[in-house]
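The basis for the numbers below is simple: all heavy atoms, side chains too, and nothing from hydrogens, waters or symmetry mates.
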Amino acid sequence: MVKTDVVVIGAGAVGCAIARELSKYKVKVIVVDKRDDVGGDASKSNSAIIHTGYDAAPGTLESQLVVAANPMYEQLTKDLDIPFEKIGAILPAFTDEQFQNLPAIKEKAFKNHVYDVEYLSKEEILEKEPELNPEVKGGLFIPRESIIDPFVLVQALAENANENGVDFMLNTEVTDIKMEKGAVKEVVTTAGIIETSYIINAAALHCDDIAAMVGKADYKVVARRGQFYILDKNTSCKVRNIVLPIPTKITKGKLMTPTIHGNMLVGPTAEDLPDKEDVSVTTEGLDSIYADVRKMIPGVNICDTITQYSGLRPNRNPEGLHVDIYEDVRGYVNLSGVRSTGITLSVAMAKYVVEKLKEIGCELVLKDDFKATRKGIPCFHEMSVEEKESIIKENPLYGTVICRCETITEGEIVEAIHRPIGAKTVDAIKRRVRAGMGRCQGGFCGPKVIEILARELDLRTDQIAKNLEGSYMVIGKNK
């Protein structure tokens, strides 16, 4: 039996942001997640955009949180050393119908208190994005749409929360919630029972499954798959801004955007699936991305793809973002309907949920010793010659390049393993320092990463997993 004050179920962006916000207070917090690493499902497979909320449904909780969150990132990313860039987004119109929709989109942005959306003429939009289809009639520019490293965002929130006293239980699935006299009492997990006074359900794709444990599953979560291409950094066609299509009721549409590390990201699809674990990519889905995006950017070169992936958004039915508390399930806060804006709104959601906890009786007193900053892993390939020489002198492991494509050193990989909530799998290394994310997708560095993990964790190479338990990459010796 473990005792705590608050259990956060789910270690995605929202769960980790809530954990960090709670770590500012004198309260004991445990984050539980069935995955091997922080990052959840949707938080590690998305378009990596920090939205302004210009196209949210006005007056909704989602609009409120996204609009509030966007300006928070400038300081947060500095405090937690997270790669972030404000590059702006372009919404081009190619047909008369799309062009006639622009005033309504701008008016919607105004209703959402996003006042800096501006019209662009045909000449202005082509000057900003020369790769656009020359038939463009004009468009909108949303200057505060930004790009971020979503992996580092979640890791930074989790690491900082952990440094401030939050415990993380990974590879731990919640199997039941016990109540006593109308209040939550215990969280039953595959690693044992946690006694607690408060539970925050931030389980995203599986939040309905958790809600069912307390009799509050009055909604269903449907996995909405989004497939993506990642193009090589040297692709022949690059955009400078996030290029967005005119959105529909179902999806923001298929976009093309630079990533924070210089690749091009193209996608996603929007396909509702019955299987919450189906992250496969399909020929039909990928073909539809190419067909749609080339209408906006004719020169997009899918032949420069280095990989494809898909992510699952937790689409709520009935739809809408909800943060619910209940008189007959005291101490329980239920989050549902966190979809494509989840990465963005996570930091505002954290503050909103803390106020909900106070509302239902959780006594929260601020700490005097909260540590607000976190230093990331030094990025060798971004250093000057002098900085490289200095860090190699300090730590010779930085003198050995393991991942040639991304110029990732042994020093970076070793630090990723030994940081708070350190990497234990090959994919966890990839998400922290990008070893295996380059052109060869780990073909060269993969075996070396396995060897380093085994050495640093004092395990055999056949005990090192790709991600989840059992996904071993080495099964024995052949000589």
Side-chain angles (χ1 to χ4, degrees), residues 11-13 15-24 29 31 37-39 43-44 48 50 72-86 146-168 170 259-262 343 346-347 350 367-403 406-424 427-435 437 449 452-453 456-457:
C16 289
I18 292 169
R20 179 181 185 259
E21 191 65 25
L22 284 172
S23 74
K24 298 175 181 178
V29 181
V31 180
D37 194 13
V38 297
S43 299
K44 64 173 184 285
I50 298 301
M72 295 167 66
Y73 277 92
E74 198 146 349
Q75 187 60 49
L76 179 79
T77 54
K78 289 176 184 175
D79 287 345
L80 299 184
D81 200 10
I82 302 165
F84 170 80
E85 190 176 352
K86 198 181 295 182
S146 307
I147 54 176
I148 198 167
D149 186 324
F151 307 128
V152 176
L153 169 65
V154 178
Q155 291 148 18
L157 291 167
E159 285 180 10
N160 190 236
N162 184 246
E163 275 195 287
N164 284 291
V166 174
D167 292 322
F168 284 75
L170 302 177
T259 71
I260 200 75
H261 299 288
I343 284 282
S346 60
V347 294
K367 293 176 179 175
D368 297 324
D369 58 350
F370 172 71
K371 183 180 179 183
T373 60
R374 165 258 189 199
K375 186 64 181 170
I377 298 170
C379 188
F380 186 79
H381 78 273
E382 292 182 356
M383 296 179 185
S384 66
V385 173
E386 293 77 14
E387 289 169 333
K388 288 177 179 177
E389 289 174 351
S390 175
I391 200 167
I392 291 170
K393 187 175 181 181
E394 181 183 335
N395 182 353
L397 293 179
Y398 277 85
T400 303
V401 172
I402 300 299
C403 173
E406 298 291 313
T407 321
I408 308 302
T409 66
E410 186 173 2
E412 291 163 89
I413 293 169
V414 169
E415 181 163 349
I417 294 168
H418 294 294
R419 287 178 77 83
I421 318 176
K424 301 290 189 292
D427 281 0
I429 291 290
K430 181 190 293 186
R431 289 190 289 269
R432 281 164 177 75
V433 295
R434 294 186 57 78
M437 281 197 176
V449 170
I452 295 168
L453 278 163
E456 296 298 317
L457 298 174

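A donor-acceptor distance shorter than 3.5 angstrom exists from the side chain of E387 to the backbone of S384, with no hydrogens or angles considered. Within the 3.5 Å criterion, the main-chain N or O of K375 finds no donor-acceptor partner in the side chain of D81. One N or O on the side chain of N164 and one on the backbone of N160 form a donor-acceptor pair closer than 3.5 Å.
Between R374 and E163 there is no salt bridge, since no side-chain nitrogen of the basic residue lies less than 4.0 Å from a carboxylate oxygen of the acidic one. Looking at K393 and E389, no side-chain N of the basic residue comes within less than 4.0 Å of a carboxylate O on the acidic one, giving no salt bridge. Under 4.0 Å is where a charged nitrogen must lie from a carboxylate oxygen, and between D37 and R431 at least one such pair does.
Of the options V152, L153, I148, a side-chain contact (heavy atoms from CB on, under 4.5 Å) to T77 is made by I148 and by none of the others. R20 pairs in a side-chain contact (heavy atoms from CB on, under 4.5 Å) with only one of the listed residues (N162, L80, V347, V166), which is L80.
A heavy-atom distance below 4.5 Å is found between the side chains of E85 and I260. Using a 4.5 Å heavy-atom cutoff, the side chains of I402 and T409 are not in contact.
Aromatic ring pairs are classed by plane angle as parallel below 30°, tilted from 30° to 60° and perpendicular above 60°; the pair F84 and Y73 is parallel.
Other residues, nucleotides and ligands place no more than 12 heavy atoms under 6.0 Å from the CD atom of E74.
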Step by step, would you call Y398 with K388 a side-chain contact (heavy atoms from CB on, under 4.5 Å)?
CA-CA 8 Å; Y398 277 85; K388 288 177 179 177; over 6 Å; no

